[in-house]
Structures are given as C-alpha cells and as structure tokens.
**Q** 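Right, I'll just put the structure down here and ask away after.
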Amino acid sequence: MHTHRSFRNPPALPHEVVVETLERALGDRSHETEAASVLVGSALNDDDREFVEHWCTEVGTRAVPGSPLLGLAGLCLGHTARRFGRLGDEALALAASLAARAEADPSDVDGRALDGYDDVRSFLHLW
C-alpha cells in the first residue's frame, strides 16, 4: 500500500522556546533537527523581523563548519528578506558569506545558502 506523505511548514514558537532550542543545538549537534524546524518556523511565520534576523545570524555565525544549520540559516535569511523586504547589514553580509562558502565547499555549507542568497538578492533588488 502506498501512503501519501504531506509536509507542513512548522509554526512559529514562543521566543523563549526558540532561544532555548537554538542554544541547545549550537552546543550539542544532536539537537540540530529540532533546531532546524524551530528556525524555519520562525523565518516563515514569526512577525518579529528583528528576532528572526538575529537568530538566523546567530545560527549562521555560531554553528560549526559542516552543520546543516549553516545552509539553513542562509535559506532562512532569504525567507526573511522575502517576507519583510529588508535585512540589516550584518544579516546581508552573512547571507553573502554563507553562499560563497557553499559555492566553494558544499561540505562546509550546503546549497540551501545559495538558494537563500538568491532570494535575498531578488527580493532586496540587489542584482
């Protein structure tokens, strides 16, 4: 029997839950899957741009090389740019840096960072 799988974007969670989950994952890679869901939920559904941008930047600068959270942070910065129409200078520089790292070495930062930076450039009209 074939089963149909469905995907639902994760919801935004209370900020204290987001902070606790992301901090835990940044200290212990065994929590990265949970952190990924929390970060995506925030990027897609949290209405506090500064909070979302701050945590995308924290994850994108603090996760260890090779962590899937690095590419995801870049992708989530793209979601943030799309949703809010702007990014701060630090987040913009990080999105570019993560994309460059992904292009240079996909085992360091995965290709989602490239997709995120494409969104940043498109939605912020940086072409």
Side-chain angles (χ1 to χ4, degrees):
M1 177 189 324
H2 179 72
T3 60
H4 292 281
R5 295 179 189 235
S6 63
F7 174 80
R8 293 180 191 257
N9 287 323
L13 296 174
H15 288 179
E16 56 275 1
V17 173
V18 172
V19 172
E20 178 184 321
T21 303
L22 295 177
E23 286 289 355
R24 185 177 31 230
L26 290 168
D28 179 351
R29 291 194 64 187
S30 70
H31 297 281
E32 286 182 337
T33 300
E34 180 184 7
S37 178
V38 167
L39 190 63
V40 169
S42 293
L44 292 176
N45 298 303
D46 192 308
D47 290 330
D48 185 341
R49 182 195 61 82
E50 290 179 0
F51 178 83
V52 173
E53 189 175 308
H54 170 79
W55 280 101
C56 288
T57 302
E58 284 291 308
V59 170
T61 56
R62 292 175 49 199
V64 298
S67 169
L69 293 178
L70 292 171
L72 187 63
L75 181 66
C76 288
L77 286 170
H79 292 323
T80 304
R82 173 185 54 79
R83 288 186 62 222
F84 297 102
R86 63 186 172 137
L87 286 178
D89 292 340
E90 183 180 8
L92 187 57
L94 178 61
S97 173
L98 290 171
R101 286 172 62 185
E103 198 164 64
D105 183 1
S107 69
D108 174 27
V109 177
D110 70 61
R112 293 176 295 176
L114 294 166
D115 295 336
Y117 192 54
D118 283 346
D119 284 348
V120 166
R121 291 185 302 184
S122 177
F123 289 103
L124 303 184
H125 309 289
L126 302 176
W127 297 102

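Please read all numbers here as calculations on a predicted model, not as lab measurements.
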**Q** Could you list all the salt bridge (Lys or Arg N to Asp or Glu O under 4.0 Å) pairs where at least one residue sits in residues 51-67, not counting sequence neighbours?
**A**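 Pairs touching residues 51-67 that pass the test: Glu23-Arg62, Arg49-Glu53, Glu58-Arg62.
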**Q** Look only at the side chain of Thr21 and the backbone of Val17, and say whether a donor-acceptor pair between them is shorter than 3.5 Å.
**A**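 Pair found, side chain donor or acceptor close to backbone of Val17.
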**Q** So, for Val120 and Gly78, which heavy atoms are closest and what is the spacing to 0.1 Å?
**A**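 Minimum heavy-atom separation between Val120 and Gly78: CG2-CA, 3.8 Å.
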**Q** Within the 4.5 Å heavy-atom criterion, are Val38 and Pro10 side-chain neighbours or not?
**A**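 Heavy-atom side-chain distance check fails, nothing below 4.5 Å.
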**Q** Would you say Val52 and Phe123 are hydrophobically clustered, going by side-chain heavy atoms of ILVMFWY under 4.5 Å?
**A**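 In one cluster with Val52: Phe123, no.
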**Q** Quick check against the 3.5 Å criterion: does Arg24 have a side-chain atom that pairs as donor or acceptor with the backbone of Glu34?
**A**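 No.
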**Q** Hydrophobic cluster membership, with links at side-chain heavy-atom distances under 4.5 Å among I/L/V/M/F/W/Y: are Leu114 and Val59 in one?
**A**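 No, because Leu114 and Val59 fall into different hydrophobic clusters, even though each may have its own neighbours under 4.5 Å.
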**Q** Flag the pair Leu77 / Tyr117 as yes when at least one side-chain heavy-atom distance between them is below 4.5 Å, and no otherwise.
**A**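 No, every pair of side-chain atoms sits at 4.5 Å or beyond.
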**Q** Is it the case that the side chain of Asp28 and the backbone of His31 share a donor-acceptor pair, with hydrogens and angles ignored and the cut-off at 3.5 Å?
**A**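 Here the side-chain-to-backbone pair does not exist.
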**Q** Apply side-chain contact (heavy atoms from CB on, under 4.5 Å) to residues Val18 and Phe51 and explain how you reach the verdict.
**A** CA-CA 10 Å; Val18 172; Phe51 178 83; 3.8 Å; yes
**Q** For Ser97 and Ala93, indicate whether the former's side chain and the latter's backbone hold a donor-acceptor pair under 3.5 Å.
**A**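 No: the side chain of Ser97 does not pair with the backbone of Ala93.
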**Q** With side-chain contact (heavy atoms from CB on, under 4.5 Å) as the test, would you mind laying out the steps for Leu87 and Leu124 before giving the verdict?
**A** CA-CA 8 Å; Leu87 286 178; Leu124 303 184; 4.1 Å; yes
**Q** Using 0.5 Å steps for rounding, measure from the CG atom of Leu26 to the CG atom of Leu69.
**A**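 Here the rounded value is 7.0 Å.
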**Q** How long is the straight-line distance from CG of Asp46 back to CG of Leu13, given to the nearest 0.5 Å?
**A**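 One gets 9.5 Å once the value is rounded to the nearest 0.5 Å.
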**Q** So which pairs with a foot in residues 91-104 pass salt bridge (Lys or Arg N to Asp or Glu O under 4.0 Å), sequence neighbours left out?
**A**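 Sorted result for residues 91-104: Arg101-Asp108.
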**Q** Rounded to the nearest 0.5 Å, what separates atom NE2 in His15 from atom CG in Asp48?
**A**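 Between atom NE2 of His15 and atom CG of Asp48 there are 4.5 Å.
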**Q** Working note: Val19 + Trp55, criterion side-chain contact (heavy atoms from CB on, under 4.5 Å); need CA distance, chi angles, decisive distance, verdict.
**A** CA-CA 8 Å; Val19 172; Trp55 280 101; 3.6 Å; yes
**Q** Got a sec, which pairs hit salt bridge (Lys or Arg N to Asp or Glu O under 4.0 Å) with one end in residues 81-95, sequence neighbours left out?
**A**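 Passing the test, one end in residues 81-95: Asp47-Arg83.
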**Q** Starting at OG1 of Thr80, measure out to CG of Leu75 and round the result to the nearest 0.5 Å.
**A**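 The OG1 atom of Thr80 sits 9.5 Å away from the CG atom of Leu75.
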**Q** Is Leu94 linked to Leu126 within one hydrophobic cluster, defined over Ile, Leu, Val, Met, Phe, Trp and Tyr using a side-chain heavy-atom separation of less than 4.5 Å?
**A**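 Linked within one cluster.
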**Q** Between Asn45 and Pro11, which heavy-atom pair has the shortest distance, and what is it?
**A**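 Heavy atoms of Asn45 and Pro11 come nearest at ND2-CA, 3.9 Å.
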**Q** Tell me the closest heavy-atom pair linking Gly60 and Leu98, and the distance in Å.
**A**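 Closest pair (atom of Gly60, atom of Leu98, distance): O-CD2, 3.9 Å.
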**Q** Less than 4.5 Å apart, side chain to side chain, heavy atoms only: is that true for Leu39 and Cys56?
**A**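 Yes. Closest side-chain heavy atoms under 4.5 Å.
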**Q** Give, for atom CG of Asp110 and atom CG of Asp105, the distance between the pair rounded to the nearest 0.5 Å.
**A**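 Answer for the CG-CG pair, Asp110 versus Asp105, is 11.5 Å.
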**Q** Would you mind checking if Asp118 and Arg121 are paired as a salt bridge, meaning a charged N to carboxylate O distance below 4.0 Å?
**A**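 Looking at Asp118 together with Arg121, the answer is yes, because their closest N to O distance falls below 4.0 Å.
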**Q** Indicate the atoms forming the closest heavy-atom contact of Ala35 with Ala25, along with that distance.
**A**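 In this case the closest contact between Ala35 and Ala25 is CB-CB, 3.3 Å.
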